[in-house]
Amino acid sequence: MKFSELVEAFERIENVSSRTEMTAILGQVFQQCSSYEARLIAYLIQGRVSPAFVALEFGVGEKLLLEAIAQACDVDKSVVESAVHNHGDFGLAAEVLVDNASECLTIAQVFSGLLQVARISGDDSQQAKIQSISEMISAMSPREVRYLVRIPLDRLRLGVRDPTVLDALSVGRVGNKSDRKQIERAYNLVSDLGLVSELYTRDGLEPLCEINVEVGNPVRPAQAARLSSGDEIVAKIGECAVEPKFDGFRLQVHRNGHQVYIYSRNLEDMTGMFPEIAEAARTRLSCDNVIFEGEAMAYDPDTLEFRPFQVTVSRRRKHDIDRLSTDNPLKLICFDVLCVNGEDVTTYGYRERREKLLQIVQPNESIGVAESIVTGIGSKIDSFFAEEVESGLEGVIAKKLDAPYQAGKRGFNWIKLKRSYSVELSDTIDCTVIGYWYGRGKRAQWGIGAILAAVWDSNEGMLKTIARVGTGFSDEEWVAIRHLLDKNRSETCPPEVDSSIIPDVWVHPIHVVEVLADELTKSPNHTAGKGNDNSGHALRFPRVLGMPRMDKSPQDSTTVDEIEKMFQAQNTGSAAEAQA
DNA sequence: ACACGAGCATC
DNA sequence: GTCGGAT
DNA sequence: ATCCGACGATGCTCGTGT
């Protein structure tokens, strides 16, 4: 199939709003293309050239693309930059600059071109990638280029992601969504959308039925829904198990004999980063053929207290592993098991899986099993939640009893209850708006996509940045806030502002907005509280709570002193212990 | 007719 | 959105 | 300098369930 045919379908999909229609159009593509092409299309829609668990990335982002487009179109980079700004999209920007009529490449040719780009590595690889992409652009028509450049950015912007592909496969073959469930089941177990697409378009459900959980092949992790109180949870799922929620990273561990694989939540292969956990998987399990999951947390080896997320996350690295596994060890708190002795146990109920997990894991300093209580009373969930938060954890997760492990789903089998969902327990901060950035995608039309927020340093009489905020406003409010801010534009950084971050537009500090955040972090980028150690503070997961407070002036913003206090308070809470 | 979840996109 | 790590 | 992936919230639209 020609790439231009796929592009035509993409264009049609982009121009409809009905999901049913999008699915029908993509279904048609799957009907008309070969099975092999279906595989390639699936990967391209995922913004990849391989399944997630294969470490093959493009290594091409916006900056390299800017260069490649400029080269191919023989224009200055600034021309591309302004086109991107105007359209809020790299694809549309490239499309208007390209001038080439040929549409002769096949899907396979385009895919293999992108595959080559991904495979380029080593010295001067960036230049080589730019060169390759530039050549591809030169061989394509404007609208082909529109989608080509969006692929490595994983911003196809069609309104089509994995779930729509699953529907479209079914619609393409049988005319309705009746096969979706089984296709999805297969995808959730092998995590390879390309493989599933190829098998299904070629031979239908039959080969998919033979797909099963296999040690060494990551399973798409189950996800949790969110609610904000124990009562809501009980109303939803009744009596349930409640477990602590740790703020680390989620790992899926596979063991077959002496061989161990460790995958991240997004199926990245992280085997090798956590030797202490791999060792525990080899020596502390009563079963040598298993898949199980847990949350990895850093802990202080002397006090056994869990460490903050920022410390845990610093273990995500390839070098100097041995030193860090001693100085900054991790403990895996296990919470589920998916496969035992080659048997798929994801269909078992929660209680049975937990029973198995307890049998398998022999706890030590590197591995343990999450605590669990069972209750059908909302207030009990709330008090367990309060206990966990008191001891420094993120919250709790409630699990429907007797529910299977729902791979890949965000259903209501698991429900998280987090500290930050409660306004009383999270940090609301009054911030002054000192600038903004142009938006991308639909926010391009509004000319705004995020604001730069600052707090008041009363000692220095300066405003210090603490976060970019790009969520919380409704569409209407975005338009209104832009209008408001434009009345006070400043050509340069206002004198009373101390910022090392440069927004697209500076704004005189006038408007104060309320910002909610999960927590405060140390920041090398923001200036709030930046002292001799060159480290300031930032907000984790900031969101605005509404339009500016007209009754507040910048000096009424939260002060840096208050921020410091909040940061202290947050980190002196009695930390949970990593009991051995 | 309306509420709610699914899916997607923005940051 | 923030951050840390790899290249 | 740039890319990548670890952690996420939030708002909007459509389709479906009640």
Side-chain angles (χ1 to χ4, degrees), chain A residues 16-23 52 55 57-67 88 121-126 129-130 152-167 177 225-226 246-251 264-268 270 273 295-296 308-320 324 394 409-412 416 418 420-421 426 436-437 439-444 446 448-453 466-478 501 515-526 535-545:
Chain A
V16 299
S17 60
S18 153
R19 180 149 309 284
T20 317
E21 247 178 284
M22 299 184 199
T23 309
E57 326 300 333
F58 285 111
V60 171
E62 297 193 348
K63 301 296 173 185
L64 298 198
L65 235 20
L66 212 60
E67 191 78 50
S121 65
D123 287 354
D124 294 324
S125 60
Q126 291 202 327
K129 283 171 196 267
I130 290 169
L153 296 175
D154 192 18
R155 283 247 182 289
L156 227 28
R157 305 186 53 234
L158 300 178
V160 170
R161 303 302 288 181
D162 297 358
T164 309
V165 172
L166 300 173
D167 272 343
K177 298 183 187 175
R226 282 179 315 178
F246 299 92
D247 189 17
F249 36 64
R250 183 168 174 180
L251 298 180
S264 75
R265 182 162 104 146
N266 293 333
L267 311 181
E268 189 195 353
M270 298 178 101
M273 292 189 193
E295 189 86 2
F309 178 73
Q310 273 186 308
V311 177
T312 302
V313 87
S314 69
R315 278 298 304 277
R316 190 186 175 281
R317 59 188 295 162
K318 289 185 178 170
H319 300 119
D320 215 7
L324 278 149
E394 205 184 7
K409 277 262 180 171
R410 178 163 58 231
F412 280 90
K416 57 184 166 183
K418 276 182 45 174
S420 58
Y421 303 158
S426 44
Y436 69 84
W437 282 269
R440 295 286 178 81
K442 77 167 168 180
R443 293 189 187 180
W446 310 335
I448 187 169
I451 56 171
L452 181 56
I466 194 162
R468 280 197 200 211
V469 196
T471 189
F473 287 134
S474 67
D475 291 8
E476 237 171 56
E477 287 173 327
W478 276 115
I501 294 169
V515 175
L516 184 72
D518 274 22
E519 64 175 356
L520 293 156
T521 61
K522 298 200 85 177
S523 170
N525 304 316
H526 288 281
S535 158
H537 292 300
L539 305 179
R540 172 140 87 137
F541 308 134
R543 57 266 191 193
V544 289
L545 287 181

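Letters A, B, ... mirror the listed sequences (proteins, then strands); counts begin at 1.
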Name the nucleic acid region contacted by [X], choosing base, sugar-phosphate or nothing; use a 4.0 angstrom heavy-atom cut-off, strictly under.
| X | result |
| --- | --- |
| G122(A) | nothing |
| T20(A) | sugar-phosphate |
| T312(A) | nothing |
| S264(A) | sugar-phosphate |
| F541(A) | base |
| D247(A) | nothing |

Counting only side-chain N and O atoms of H526(A), is one of them less than 4.0 Å from OP1 or OP2 of dT2(C)? yes
Closest nucleotide of DNA chain D for E21(A) versus for E476(A): which of these residues is on the 5' side? E476(A)
Could you pick out which residue, G61(A) or S17(A), lies toward the 5' side of DNA chain D when each is mapped onto its nearest nucleotide? G61(A)
Donor-acceptor pair, side chain of [X] and main chain of [Y], under 3.5 angstrom:
| X | Y | answer |
| --- | --- | --- |
| K177(A) | L166(A) | no |
| E295(A) | G248(A) | yes |
| Q310(A) | K522(A) | yes |

Check every atom of dG15(D), dT7(C), dA9(D) against the side chain of S18(A) and return the nucleotide holding the closest atom.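 Nearest nucleotide to the side chain: dG15(D).
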Taking the minimum atom-to-atom distance to the side chain of T521(A), which one of dA9(D), dT2(C), dG11(D) wins?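 Among the listed nucleotides, the one closest to the side chain of T521(A) is dT2(C).
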Euclidean distance, atom CZ of residue R161(A) to atom P of dA9(B) [Å, nearest integer]: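 In whole Å, dA9(B) P and R161(A) CZ are 6 Å from each other.
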Using a 4.5 Å cut-off on heavy atoms from C-beta on, say whether the side chain of R317(A) contacts that of L324(A). yes
